[in-house]
Amino acid sequence: MAQAAYGFKQAGMPEPQGKPDQFIGFIYAATNCAISIRKLKEEIEELNKRGEFDQAREKIAELDDWVRVAAELREKSRELFDTIVDRVNEDPDPDVSISAIMKGYERGDLPIVQLVRRVCNYSIDGFKQTLSRVGIEFDSWDWESELTVWNGATEEVIEKLKETGFVEEKEGTLVLDVERAAQVFELKKLFNVKEDYEIPPLTLRRSDGTTLYTTRDIAYSLWKFSLAEKVINVISIEQRLPQLQLRIALYLLGKKNYAINLIHYGYELVHLPDYRMSGRRGRYVTFDQVLGEAVRRAYREVEKRSPHLSEEEKQRIAEAVGIGAVRYALVSVAASKPLTFTWDRVLDFERNSGPFLQYAYARAANILAKAEELAQSPDYTLLESTHEKQLILQLSKFPETVAEAADSLRPELIAEYANDLATIFNSFYDKHPVLAATPRELRDARLKLVEAVKVVMGNALQLMGITPLERM
RNA sequence: GGGCCCGUGGCCUAGCCCGGAUUAAGGCACCGGCCUUCGGAGCCGGGAAUCGUGGGUUCAAAUCCCACCGGGCCCGCCA
């Protein structure tokens with residue numbers, strides 16, 4: 001964040017053009033690029049002077065890559081990119097400037113706080129825009145700095161950790177000897193770590209006096225546990241080690257139950273087929289792009305299948321279908337699996353997809369809408385066919401499926417369940433007429449069955465954040 | 001160098017933790033059927049898999065153990 005704030009300042013604190021988070025993302029990448037190129041050039045010069053040509057060659061390869069990145073970024077916004085590069089190169093030492101921002105922010109220097117907050121808010125506003133489009137909102141937002149730094153909580157954590165005797169001073173930094181702590185308290189088996197794995201140390205404080213993310217996270221976690229008995233951190237799997245170090249730190253602070261009840265729900269990242277996504281390089285597909293493309297494709301389908309609907313209605317349905325497709329694609333694979341992104345895979349509208357489920361729901365809804373009279377005298381003993389029995393059985397499994405999904409933190413189980421339900425319902429739909437069924441008692445029993453499907457499917461969809469549609 | 005995760009038909013995914021009722025299950029793609037009945041984003045059927053490789057444990061291994069190969073990630077005074 002400090003680097004983005006630095007770049008924003010160097011760029012002259014411009015008003016964002018376009019979506020604010022993407023604007024900041026661009027500034028961040030451009031700044032990073034400018035700094036990296038400058039550093040690499042200096043390093044190469046130094047290596048050449050010292051005659052270490054092999055190492056210089058490696059750096060040159062890195063430099064080449066960054067030069068390509070620069071060209072890509074410049075393509076996107078030439079003026080802004082050039083300004084950032086020029087200003088970064090005029091700066092005697094960008095690292096010092098960035099460090100000054102971090103220091104000032106932790107101290108609470110008003111102009112710096114205002115700068116950083118402004119940049120943060122641009123990003124957050126953009127995230128909120130995107131997330132609200134897919135129906136995600138948060139109950140509360142915190143400024144971590146308020147809860148951990150400015151109120152002294154992080155400093156208190158550092159002091160208490162010092163008292164444990166596992167903190168050492170090294171070249172002006174404070175370092176927690178996680179390995180020794182784990183050995184002394186026999187924590188490796190508690191946290192499922194192999195005995196012979198040496199846990200790397202954790203730097204708590206930089207030599208310039210500022211704290212690191214994981215250190216603040218210790219204080220932040222203590223705060224979270226003041227509100228809850230179980231904390232599930234949904235963070236990338238890359239942060240496995242820091243999360244382990246965090247738990248050990250909590251243990252050292254005498255909070256054994258916190259350490260145990262802190263769960264790291266690690267998710268894998270989404271990859272692109274050709275190259276690595278990298279925020280620092282500005283190489284990524286944004287979620288907004290994915291949603292936009294999904295909704296466009298959905299619109300084409302809606303127009304093809306339901307041309308009679310009003311324009312407004314078509315738009316509304318396309319939005320729900322496109323977003324449903326994306327949400328299903330993401331929720332239906334285990335989070336711990338890396339996902340290689342291709343449009344075809346994510347925007348599949350056939351079986352085993354969000355729209356497939358929405359379609360089954362719409363079919364059930366349609367039958368119910370066409371039933372002029374409600375089911376008054378159902379005789380359930382008449383539901384004798386295989387399809388009907390399978391459907392009843394599948395419906396009965398819903399509660400236990402939801403419970404298991406929740407207990408084991410596996411939302412993909414709901415997706416699998418809903419897909420099975422839709423498949424069975426479609427077979428039933430194909431073989432057994434509902435409204436035209438005779439006698440009346442059978443018609444009513446089937447109508448009740450369809451109603452149950454609609455209710456359960458609707459609930460399953462909503463659990464996955466997919467909008468059920470009466471028509472599509 | 002050390003550690004963690006993954007490797008299932010052409011492609012994607014489930015099953016693996018807690019070995020047996022699986023003839024290894026779905027989807028995409030491919031091939032062939034189904035438009036007289038509630039919307040075909042559907043239904044019915046078909047071909048296609050040495051479950052990365054090699055050992056081991058077991059009456060029994062996709063599942064447990066070991067080694068190796070291939071891919072990803074982590075080991076920062078980044079977050």
Side-chain angles (χ1 to χ4, degrees), chain A residues 1-4 32 95 98-99 102 144 170-175 178 192-194 196-217 235-245 266 268-269 271 276 279-280 297-298 301-302 304-306 308 317 321 324-325 329 332-334 336-340 342 344-346 348-371 387 408 410 412-413 415-416 419-420 422-423 425-437 443 446-447 450 469 471-472:
Chain A
M1 217 53 232
Q3 198 167 107
N32 206 282
D95 284 347
I98 291 168
S99 167
M102 279 190 292
E144 187 213 75
K170 269 187 189 164
E171 295 163 29
T173 66
L174 282 184
V175 177
V178 185
N192 254 322
V193 177
K194 267 201 178 165
D196 49 9
Y197 171 59
E198 192 179 324
I199 306 173
L202 174 67
T203 303
L204 297 170
R205 194 158 67 191
R206 295 187 183 90
S207 53
D208 69 2
T210 57
T211 55
L212 284 101
Y213 175 73
T214 306
T215 314
R216 297 193 298 273
D217 208 13
I235 318 180
S236 152
I237 204 141
E238 290 172 0
Q239 291 197 41
R240 211 185 170 118
L241 174 59
Q243 289 287 309
L244 173 67
Q245 292 169 325
E268 262 294 356
L269 303 180
H271 302 281
R276 242 177 99 72
R280 290 181 177 187
R297 291 198 191 199
E301 291 293 312
V302 175
K304 195 166 74 191
R305 296 161 201 276
S306 309
H308 56 283
I317 292 168
V321 169
S332 63
V333 268
S336 60
K337 290 233 168 186
L339 188 75
T340 299
T342 61
D344 281 350
R345 205 166 299 149
V346 178
D348 170 24
F349 289 3
E350 296 183 57
R351 242 197 266 193
N352 205 347
S353 76
F356 175 71
L357 306 183
Q358 286 169 315
Y359 185 65
Y361 177 88
R363 281 178 143 182
N366 202 245
I367 291 173
L368 294 169
K370 288 200 170 166
H387 288 128
S408 56
R410 293 176 61 194
E412 64 271 21
L413 296 181
E416 188 193 2
N419 192 56
D420 289 345
T423 301
F425 175 68
N426 280 333
S427 296
F428 160 80
Y429 181 96
D430 205 61
K431 294 279 177 281
H432 306 287
V434 176
L435 299 177
R443 185 206 87 128
R446 284 185 180 160
L447 212 47
V450 171
L469 294 168
R471 285 190 296 180
M472 59 189 282

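Here the structure is a predicted model, which means the values were calculated and not measured. Within every chain, numbering begins at 1; the chains are lettered A, B, ... in the order of the sequence lines, protein sequences first and strands thereafter.
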When you measure from the side-chain N and O atoms of [X] to the phosphate of [N], is any distance below 4.0 Å, counting only OP1 and OP2?
X	N	value
A:R363	B:G40	yes
A:T173	B:C77	no
A:R206	B:A79	yes
A:K170	B:C77	no

In the structure shown, which nucleotide is the Watson-Crick or G-U wobble counterpart of [N], with both distances under 3.5 Å?
N	answer
B:G19	none
B:C64	B:G56
B:G42	B:C34
B:G1	B:C75

For [X], answer base if it contacts any base atom (sugar-phosphate contacts may also be present), sugar-phosphate if it contacts only those atoms, and nothing otherwise; contact means non-hydrogen atoms under 4.0 Å.
X	value
A:V302	base
A:M1	nothing
A:E198	nothing
A:V333	sugar-phosphate
A:V321	base
A:E171	base

For the [atom1] atoms, the ones on [N] and on [M], what distance do you get once it is rounded to whole angstrom?
N	M	atom1	result
B:G40	B:U36	C1'	16 Å
B:G52	B:G7	C1'	6 Å
B:G1	B:U58	C1'	37 Å
B:G76	B:U57	C1'	43 Å
B:A24	B:U50	P	13 Å
B:G54	B:A62	P	13 Å
B:G70	B:C77	C1'	36 Å
B:A67	B:A25	P	32 Å

5'-most contact on RNA chain B: A:S427 or A:R205, nearest heavy atom basis?
A:S427
Is there a donor-acceptor pair closer than 3.5 Å between any side-chain N or O of A:R446 and the backbone N or O of A:P433?
yes
Rounded to whole Å, please give me the gap between [atom1] in [X] and [atom2] in [N].
X	N	atom1	atom2	result
A:H432	B:C43	NE2	P	14 Å
A:D344	B:C28	CG	P	13 Å
A:E416	B:A25	CD	P	15 Å
A:F349	B:G40	CZ	C1'	17 Å
A:F425	B:C44	CZ	P	13 Å
A:K337	B:C17	NZ	P	15 Å
A:I199	B:G3	CD1	P	14 Å
A:L269	B:G71	CG	P	19 Å

Using the side-chain heavy atoms of [X], tell me which of these nucleotides is nearest: [options].
X	options	result
A:Y429	B:G40, B:C78, B:C43	B:G40
A:R351	B:C43, B:G3, B:A14	B:C43
A:F356	B:C38, B:G42, B:C74	B:G42
A:D430	B:G42, B:C77, B:C28	B:G42
A:L435	B:C43, B:A79, B:C38	B:C38

Between the base of B:C78 and the side chain of A:R280, is there a donor-acceptor distance below 3.5 Å?
yes
